[in-house]
Amino acid sequence: MNPITMVDLKGQYEKIKKEIDENISQVIESTAFINGSKVKEFQTHLENYLDVKHVIPCANGTDALQVSLMALGLKAGDEVITSPFTFIATAEVVALLGLTCKFVDVEWNTFNLNAAQLEKAITPKTKVIIPVHLFGQSCDMGKIMQIAKKYNLFVVEDVCQAIGAEFICETGEKKKLGTIGDMGCVSFFPSKNLGCYGDGGAVFTNNDELARNLRGICNHGMFKQYHHELLGVNSRLDSIQAAVLDVKLKHLDEYNAARKKAAVFYNKIFQNHSKIEIPAISEFSTHIFHQYTLKLKNENRKNLIEKMKKNKIPVMVYYPIPLHLQEVFKYLGYKKGDFPIAEKLSDCVVSLPMHTELTEEQQNFIGKYLIDSVKE
Ligand SMILES: *Cc1c(COP(=O)(O)O)cnc(C)c1O
């Protein structure tokens with residue numbers, strides 16, 4: 001059995017080595033390292049895959065979120081609502097732009113923003129909702145879009161962990177996450193479901209004007225050479241990363257299916273265990289299992305993690321401290337008890353190795369030690 005790792009990028013690379021190496025070497029031969037044709041090709045392929053009008057590539061997922069907010073013409077003090085149970089980047093960009101971050105608690109089952117609690121957080125200053133499709137499945141986009149429409153709010157989807165997952169509309173129609181709100185933001189960090197071999201990101205939108213502004217903002221607010229119309233940044237996807245992504249995009253559905261299969265196999269191992277709760281899939285979403293995250297009931301998580309590590313099984317806690325209790329956000333004035341579900345999840349979640357190369361032998365091994373460490 002191969003050593004168990006949280007992700008196995010090496011094993012995945014071995015299978016597509018020829019295509020990747022060829023595509024990268026074309027970029028090197030062409031020397032079009034920035035804004036080369038590979039970037040444009042990948043952009044078009046991703047637009048087709050997502051069925052969205054515009055993909056604007058940028059340097060990473062955090063930048064994607066930042067330039068999206070910059071494109072909305074907000075002013076200091078405007079409020080942005082998001083989840084306290086996510087990676088810091090989602091809220092960080094809000095604060096960096098002088099906007100005010102407002103949190104709304106998440107749902108126990110899906111880890112995602114609780115749409116039923118959204119309305120009470122809305123004030124006259126609220127301008128944007130950032131739903132985070134955590135661990136690979138959709139927030140309740142039906143309800144969220146309805147509320148956004150009612151209060152005239154922008155919706156910027158954080159789809160960093162859910163590229164390829166779909167929201168299932170009431171009509172049964174499926175839409176790729178990131179194409180439902182005004183903009184969708186994705187990260188191509190190596191360990192994400194569509195990851196490159198460095199940093200990368202993109203924004204998606206069906207809105208022509210937003211697309212124009214986003215392209216400008218990513219390039220110093222420049223639309224005509226050395227004429228700067230908007231305040232921008234330098235945020236580009238480089239051609240070598242686009243070359244990697246263009247190959248991996250062709251395999252994305254297959255990769256997501258492999259993760260789903262591994263999740264179903266984990267479920268078989270852990271279901272019906274009195275001290276372990278397996279992940280739930282909501283009826284309005286497909287799930288691409290960026291993470292496979294269990295909830296432990298009345299269990300000493302620290303001991304369990306140590307026991308797993310002794311047996312060379314890596315496990316991770318995403319996320320150990322909800323954002324409203326982070327030191328950096330102290331100034332927002334939140335306190336313990338404000339978002340009880342996010343707090344309870346932070347105390348009991350554990351994510352297991354999840355990637356495209358996981359074998360049933362490895363999963364059985366992980367399952368055996370995990371169940372041994374959790375006494376019923
Ligand atoms: C990874 C991630 C980001 C940031 O992406 P980077 O490419 O690392 O900047 C933002 N939000 C979420 C939910 C993420 O998982």
Side-chain angles (χ1 to χ4, degrees), residues 6-7 9 42 46 55-70 80-97 101 103-104 106 110-113 128-139 141 144 155-165 177-178 181 183-204 214 218 233-238 240-242 244-245 248 256 259 285 287-293 316-324 326 328-329 342 345-346 349 351 354-355:
M6 281 305 281
V7 292
L9 297 174
F42 167 64
L46 188 58
V55 164
I56 297 93
C58 64
N60 55 64
T62 308
D63 276 6
L65 288 158
Q66 180 176 328
V67 296
S68 295
L69 293 174
M70 288 172 77
V80 178
I81 296 178
T82 193
S83 163
F85 194 66
T86 173
F87 181 55
I88 184 79
T90 319
E92 197 174 37
V93 296
V94 173
L96 274 173
L97 294 173
C101 204
F103 297 113
V104 164
V106 292
T110 63
F111 311 100
N112 280 333
L113 208 56
V128 187
I129 306 172
I130 309 183
V132 183
H133 305 301
L134 204 73
F135 300 154
Q137 73 174 326
S138 184
C139 295
M141 289 309 288
I144 290 171
V155 175
V156 176
E157 296 173 73
D158 182 338
V159 65
C160 288
Q161 301 191 2
I163 187 161
L177 298 187
M183 287 174 277
C185 301
V186 76
S187 163
F188 302 127
F189 186 78
S191 64
K192 304 280 159 118
N193 288 40
L194 177 61
C196 55
Y197 294 169
D199 273 310
V203 183
F204 329 137
L214 285 162
C218 286
V233 293
N234 169 15
S235 188
R236 301 183 279 239
L237 180 70
D238 72 68
I240 288 182
Q241 300 311 333
V244 171
L245 290 165
K248 289 182 72 173
N256 284 343
R259 286 171 179 268
S285 181
H287 202 320
I288 59 159
F289 288 95
H290 175 62
Q291 297 297 344
Y292 182 86
T293 303
M316 294 290 285
V317 173
Y318 303 117
Y319 296 93
I321 305 169
L323 297 189
H324 67 288
Q326 293 285 353
V328 66
F329 287 137
L345 287 171
S346 293
V349 289
S351 297
M354 172 50 78
H355 54 78

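Values below: all heavy atoms of this structure, side chains included; hydrogens, waters and symmetry mates excluded. Sequence positions, counted from 1, serve as the residue numbers for this chain. Indexing begins at 1, ligand by ligand and atom by atom, following the structure's order.
Here Phe42 and Phe188 bring their ring centres to under 6.0 angstrom of each other.
Between Ser351 and Val349 there is no side-chain heavy-atom pair separated by less than 4.5 Å.
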What pairs of donor and acceptor atoms, side-chain ones from residues 192-204 against any protein atom, are under 3.5 angstrom apart with sequence neighbours left out?
unit_1, atom_1, unit_2, atom_2, d
Asn193, OD1, His290, ND1, 2.9
Asn193, ND2, Asn256, OD1, 2.9
Asn193, ND2, Ile288, O, 3.0

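Side chain of Asn60 to backbone of Phe189: no donor-acceptor contact under 3.5 angstrom is found.
Residue pairs satisfying the side-chain hydrogen bond (donor to acceptor under 3.5 Å, both in side chains) criterion with at least one member in residues 129-139, sequence neighbours excluded, are listed as follows: His133-Glu157, Gln137-Ser282.
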Show me the short polar-atom pairs for ligand 1: any N or O of it lying under 3.5 Å from a protein N or O, with distances only.
unit_1, atom_1, unit_2, atom_2, d
ligand 1, 5 (O), Ser187, OG, 3.3
ligand 1, 7 (O), Gly61, N, 2.8
ligand 1, 7 (O), Ser187, OG, 2.6
ligand 1, 9 (O), Gly61, N, 3.3
ligand 1, 9 (O), Thr62, N, 2.8
ligand 1, 9 (O), Thr62, OG1, 2.5
ligand 1, 11 (N), Asp158, OD2, 2.9
ligand 1, 15 (O), Gln161, NE2, 2.8
ligand 1, 15 (O), Lys192, NZ, 2.9

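Not counting sequence neighbours, the partners of Ser346 by the side chain to side chain contact (heavy atoms under 4.5 Å, CB included) test are Phe85, Pro322.
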